[in-house]
Amino acid sequence: MRPPALQQVAVVPLVPAWRLDRSFDYSVPVGIAESIEVGSVVRVRLGHRNVRGVVVAGSESPAPSSLEPVLAVIVTPAPARPPITDLLNWMARRYVAPRGAAFARAVPPRVRVKVRPPEPLAAAAAPARLLPAYRGGEELLAALRSGAGGAWSLQSAWAEDRGALIAELVAAASPRAALVAAPEVRHGSLLLEELARRWPEIERVDSSRSEGDRSRAWLRLAAGHGGGAGGRATVLAPAPDLGLIVIDDEHNPSYKEDRAPRFDARRVALQRAALQDAVCVLASASPSLDWFGPSGLRTVEPGHARRRAMRPVIELLEPAGERAFSHAFHERVAAALGRREKVGLLTPRRGYARTMWCASCRASLRCPVCEAGLAYDRAPQRVRCPRCDYQAPVPPRCPRCSATELRALGAGSERLAEQLARSFPRATVGRLDPDTLENSPSGELQPCDIYVSTWVGTKPELRPEVSVVGILDVDGLVRRPDFRAVENAYQALVAMAEWAGPASEGGRLLIETSEPTHHAIQGLMRADHGFFVERELAQRAELGYPPYSELVVVKASGPEASELADKAAAACRDAGAEVLGPIVRRPQGGPEERQLLAKCRLGADPVAEALRPLMLATPRDSRLWVDVDPR
DNA sequence: ACATTATAAATA
DNA sequence: ATTTATAATGTG
């Protein structure tokens, strides 16, 4: 039996304006009562024009005749049915965005399409990869099959075929629907291609598809189709009977949306899974610290045997000092070239900000204003805060232990290329950076003997096959002025271990470091993520950074920037946050702005709530910019 | 006095 | 965001 028809509805207009941050009521003409429901995309009259909107509530009692009528239902089936409406409301509030901006993300592109009937994904073979080799895999599969729901961090073994692993999960979730998100899909993704090979009927919602394709996919999913895959927007794709939502390569920064609402797709996926009693899986070879500690997820991780089997031979070398690389390093590379093997070298980006650290107590210099680590400029010798542009002369002694020997860290990548060419005149040396890769699809990369990468980047599928990988300045990565520096350095190390491949296939990883006992290095050597996490969490706890708090960054610009920033700071403090700043910043080329960082030990939600009224009250010539869960 | 342009207000 | 009413500014 059909539920009684709606006679009046509340509609959120898809207009990203704070003045319109609410719903508007309309009457439902008899002609469209059949097709309208909560979650429908409709056209309504608003002010002096017609706009699209999403129905967020409805009533079966007759509407007062003073209400404007809904003009049309634009697409069927409804793409934002409950509980997606609740998810979007949550997203607008947590990420301090107008409701219209949030709801617009759940609506297909505006093209009229004809949609094929939905079908479940074909069941596949029983899981072979997850079960024997992974601890906690059984529990995860049981939750998928029973429909119990829950949230997991899935740590894959190094160089694991994660596509196959994820395919097993998708199969186990069937006949309930599965959504899979992959990072940086713009130039293709091995994972998405692998899934499409196994399930040709899976709907792709990537931005690489045409608007028509995307619209078709979106609506077929809304009709109950069994599976969808794409980039970070996939977490908002419709799926009335969602059983599984996967975020692959979860630690990848591209899961952070850069336009309002600036959501973190991983958090949205977790929230959504909870609302739909689905399983959320955050998959990565180096899971983010955010999912450990106080609000930890359940974990699936490779057993000891699997970890050992996938590990390359790892060798730690003393850094070369003044030269670009050491004698020992030279020997290893020469030996590899002698065996006709290929070599990959990672060195931090050219022009990389060096950091200053104390030779005796090993503390790096920190900014007195915002606690970020200080960078070291060489041209005029100064220390500079990359976060707030605080500047000062290099201090004569360590502020912590008063030792006088402060060292600058960081290797130059130009010198590296020079020296390589001199040391290995018969080898061809190629550069590997985002530009080179974007300009040539994976197959057409010039084959070289040595690849130099200045990029810790994340597209494993684009890395040429090598057997020896060298990392020249881990210390520089670790000391980078960012509270996530150590975590990111560790993630880079894991990515490089994956690039090298298992020892059984000749994989070797060389690491130049002056701190062999650092927990990032030790965690890697032991192939023990838990070891690393435990130690790094202690650091985070000490400074009150995530996961022991949630962060909110607020920037104010315009003539009233100063007053706005002060108000924002006060609002954050009232909501229980510890506020650093506001400090004055001048982004390169741009006008001056005030910025503050709120550490919210009670969570970001109350702070987001407190900032909301300020957005509405912002004068039109000034701007307030809020980023919750910054990356 | 009237056209042109900046500004504010409202949206069911 | 977009439209429209209203104020401000400019022009003959």
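Within every chain, numbering begins at 1; the chains are lettered A, B, ... in the order of the sequence lines, protein sequences first and strands thereafter. Computed from a prediction, not measured in an experiment: that's the story for all the values here.
Taking the six-membered ring for Trp and thresholds of 30 and 60 degrees, A:F263 and A:Y95 have ring planes more than 60 degrees apart, a perpendicular arrangement.
No side-chain heavy atom of A:V51 sits less than 4.5 Å from a side-chain heavy atom of A:F24.
Salt bridge status for A:R612 with A:D21: present, with a side-chain N to carboxylate O gap under 4.0 Å.
Judged by distance alone, the side chain of A:E487 and the main-chain N or O of A:L289 form a donor-acceptor pair under 3.5 Å.
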Pairs: protein N or O with nucleotides 10-12 of chain B N or O, under 3.5 Å:
residue	atom	partner	partner atom	Å
B:dT11	O3'	A:G47	N	2.9
B:dA12	OP1	A:G47	N	3.0
B:dA12	O3'	A:D25	O	3.1
B:dA12	O3'	A:E68	N	2.9
B:dA12	N6	A:R22	NH1	3.2
B:dA12	N6	A:R22	NH2	3.1
B:dA12	N1	A:R22	NH1	3.4

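Computed from coordinates, the A:D21 CG to C:dA1 P distance equals 13 Å when rounded to whole Å.
Considering A:V279, A:L195, A:V180, A:L191 in turn, A:V180 is the only one that fulfils the side-chain contact (heavy atoms from CB on, under 4.5 Å) rule with A:V246.
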